[in-house]
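Down below is the structure, laid out as structure tokens.
Throughout, protein chains are lettered first and strands after them, A, B, ... in sequence-line order, and every chain is numbered starting at 1. Worth saying up front: this structure is predicted, and the values here are computed from it rather than measured.
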Amino acid sequence: MADLTVTAASPIGAPGFHAGRAADLVAPRDQRLYRSLEILPGVLSWGTLVGAAVLAWTLPVWAAFFIIAFDLYWLSKTAYLSVHHFHNWRRMKRALALDWAGEIRKLPGTAAERFTHLVLLPYYRESEAVIRGTLESILANDYDHRKIFVVLAAEARAGEEFVALGRQLAAEYAPRLGAAICTVHPAGLPDEMPGKGSNIAYAADEARLALVLSCGLREEEVLVSAFDIDTVVFPRYFSCLAWHAATDRDPAAASFQPVPLYNNNLWDAPSFSRVAALSSTFWQMIEQERPERLVTFSSHACTLSALRRVGYWQRNMVSEDSRIYWNLFFATGGKHRVVPMAYPVSMDANLASTVAGTAANIYRQHRRWTWGVENVPYVLFHSIRGTGGVSLRRRLLASFVQLEGFWSLATNPFLILLLGWLPLLLGGNAFNETVLAYNLPKVTSLLMTLAMCGVLLSAIVGLSLLPPYPERLPGKFRRYAAMVLQWVLVPIHITIFGAIPGLDAQTRLMLGRYMGFWVTPKHRRERETAPAAAAGAVSVQ
Amino acid sequence: MIVGAPILILYAQGYRLADIGDAFTFRETGGVYVAAGLSGVSVSVDDEARDQTSFLSHGVLIQNLTEGEYLISTTRPGYFNLGKALPVYPSIVTEWRPLLLPDPVPLREIPEFVATAATSSSVKVIPFVKNPERTSVLALFAPATSTPKAGATSTLVAANPNLVELLVEADLPSLVSEPTLRRSNDLIVWIDNLGAVRLVWLGSIDSTPQYLCSPTGCKEGDMIRLPLGVNWLDFLPGRTDALIAITPTGAYAVEIDGRGGRAILPILEQPGVEARVFGGSLYLKLGQKVWEVEI
């Protein structure tokens, strides 16, 4: 088991261990280094895009060579990712079909039964219906309810009305669970940024004092699931999580990552929102098959002891979900891992009262997600500083994966959609009369058409992840057809809701215009669409 | 990827595997692009049918041609058959925009009178009135519209200081005396005192039309001779690479591109015919008859 002792020499005491931005560092030298690392992702992305345009203008032949090589790389990458996507889909099918409680019983002794689940449900001003949907899904789980503690983590700044709602629901559901409490995160605490990270860090410590210590539980046997308020768990989630923890070689050095399935309200969402939601799900499915680069995202779980080791989630930043992994990574000398569960939890697709509002919300949500680029300077800084004694190979790999990931996100869609035409537009007559110029669109379009086969797989997998069709909606056939045809939007989607918000976030970080936490509004047209997953309706056919 | 990228790049550049004797080798090829501008145009290379334009693509790219000269021909039912011997150079695409016109070229006569829709309540008569369209078209043929284009020439010269030199080389005096200077973007054309058509490219060398260029360089201009000389000319509506030329024998559409044979297509073979281009339309007049050319 991982050592839980925090000493003065512990990495947690290293400069900038809990840095949210350059200004959080004390030493000017450290500040300068961190700041330059904040600038780096934006410089790389803008440098690539501007460089590509300049290359197309000055050396169109070389630009054409680069485009062909890049498109071939993209095709290879698509094939590689599609294989992972398909594999994870099959694993998810198996995971959903498996009797995890039965699997637990097969384990020697009471290995899995020793785990207690502590579920953190941070909320702001979401409706009672949304919160109830989540709580009902927990109750529908097959794990011993007495070993499930639920914390409704309210925000004082949301107002007394929402605090009261949390208290009322905690009181209502407590008798049916091991415990249910409502914590109220005070507004304006020092060194905090309002947001999920500060709220769940506060809630986790409150729950430790109120529940874990009072019940005499061991922290390494308490599995903390940090959810969003719209996270609807599937019926065997807690059994599945307990099984993974019980069979892990060192659960205290592991985070457990379910697949976030953004499908609660999928039938109500417009096409671009569905594509955005399912694309996010698919990306996480793919990442599940690459545990060497998997980082915690959105709803995730780990032991209370691991959280305590690093002081819970960081309170001074937006991307607390991925930062907790990096905190643990450097705190454990690179030993902390993310274990892919291949088991879903379902959440809401973006949906506002208007189409334009939905589009704006998707953009803001994706910009918040891609603001995860704030982890790049953190990872690079501590890799350079050698925090925690992480091996050079692990540091290089982590740094490369982070940099390449955010660079790809912000630049690849532009390179694919626009760069192919740039030499033709900027290359002049001399280039445009070459065989290369004539073949460039043919070759790139052939490669991109082949790459679209990955989209076909997405359409098939997407259909299998749909919740049951709500009979209240007319035009069933048309809507199913739209669920397939919507995937032609992928090239547009990856640009408008991927590359542009990604570049937006990187530019903000580059310019030192730090983002705050933006709460994604949870909106459902009909309450009945919420607990679909909890009812086990999505079975991944 | 490491193997595929170089192969794909070589292919895109025009390199093809060739069987030379008992060994395979890479050979750099070129191509021909026929910008037909119409669907259903069949393109042949040395009398061998190669491809056809479609609804989605009005151009045909023929690749894998080794260096040399090829007879490229186009056919479309109801249209003039065209052919041109075009040079093909390694890694370069030779472009050709054939002058595809219906055969015969459709003419719509503009009558002097037209019937109106008005009817009398007591007697059923179809009144005829002067055709206003004809009146306005005839105005184009009035002598005043054919005044010398000295002003236009001055403007051109002012905007292009090197033009004087070019025009002197190309027989400037004939320009001043003739009302036939026409300009389309950076290309000007006029009739010299021998009745030949002169053309000069005023734009940058980089943007010179391919038909004025060869791998060794680009010409600044060209000359087009028709058997009996040209009396009047203008650019064919919608084209910057074709002219409408009036000769003693009639009106003809003339391809500017002189590589490997120039298309000279009859529009109306009647001595004394006149022509005007206005508002994107071509009008012909012969005696009292006036037509709009429907191309």
**OP:** Decide side chain to side chain donor-acceptor pair (under 3.5 Å) for Ser322(A) and Asn375(A); before the verdict, give the C-alpha distance in whole Å, the side-chain angles of both, and the deciding distance to 0.1 Å.
**Re:** CA-CA 8 Å; Ser322(A) 44; Asn375(A) 284 312; 2.8 Å; yes
Original post:
Where do Glu255(B) and Arg97(B) land on the salt bridge (Lys or Arg N to Asp or Glu O under 4.0 Å) test, with the steps shown first?
Top reply: CA-CA 9 Å; Glu255(B) 187 182 30; Arg97(B) 195 177 172 208; over 6 Å; no
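Annotation: Arg90(A), atom CZ; neighbour count of heavy atoms from other residues, nucleotides and ligands within 6.0 Å does not exceed 12. Enclosure of atom NE2 in His58(B) by more than 12 non-hydrogen atoms of other residues, nucleotides or ligands within 6.0 angstrom is indicated.
If you measure heavy-atom distances from Thr29(B) to chain A, the contacts under 4.5 Å come from the backbone alone. Neither the backbone nor the side chain of Asp71(A) comes within contact range of chain B; no heavy atoms are under 4.5 Å apart. The part of Gln63(B) that comes within reach of chain A is its side chain, from C-beta onward, which places non-hydrogen atoms under 4.5 angstrom from that chain. Only the side chain of Tyr33(B) comes within contact range of chain A, judged by heavy atoms closer than 4.5 Å. With a 4.5 Å cut-off on non-hydrogen atoms, Glu95(B) touches chain A through its side chain but not through its backbone. Proximity to chain B is limited to the side chain of Ser76(A), based on heavy atoms less than 4.5 angstrom apart. Within the 4.5 angstrom heavy-atom criterion, no atom of Leu75(A) approaches chain B. Only the side chain of Leu61(B) comes within less than 4.5 Å of a heavy atom in chain A; its backbone stays farther off.
Ranking Leu436(A), Leu447(A), Thr434(A), Val435(A) against chain B, the residue ahead of the rest is Val435(A), based on heavy-atom pairs under 4.5 Å. Ranked by non-hydrogen atom pairs under 4.5 Å with chain A, the options Ser91(B), Ala5(B), Gly14(B), Cys213(B) are led by Ser91(B).
Remark: of the listed residues Glu287(A), Glu289(A), Arg290(A), Glu289(A) is the sole one forming a side-chain hydrogen bond (donor to acceptor under 3.5 Å, both in side chains) with Asn88(A).
Residues Ser44(B) and Glu48(B) bring no donor and acceptor atom of their side chains to less than 3.5 Å of each other. Side chains of Ser207(B) and Ser204(B): a donor-acceptor N/O pair is present below 3.5 angstrom, by distance only.
A tilted orientation is assigned to the rings of Phe70(A) and Tyr73(A), their planes being inclined by 30° to 60°.
Cation-pi check for Arg16(B) over Phe26(B) is not met; the charged atom does not lie both under 6.0 angstrom from the ring centroid and within 45 degrees of its normal.
Aromatic rings of Phe272(A) and Trp487(A) (six-membered ring for Trp) have centroids beyond the 6.0 Å cut-off, not under it.
Considering NZ of Lys219(B) and OG of Ser214(B), their distance stands at 8.5 Å, rounded to 0.5 Å.
Among residues 437-444 of chain A, the residues having any heavy atom closer than 4.5 Å to a heavy atom of chain B are, in sequence order, Tyr438(A), Asn439(A), Lys442(A), Val443(A).
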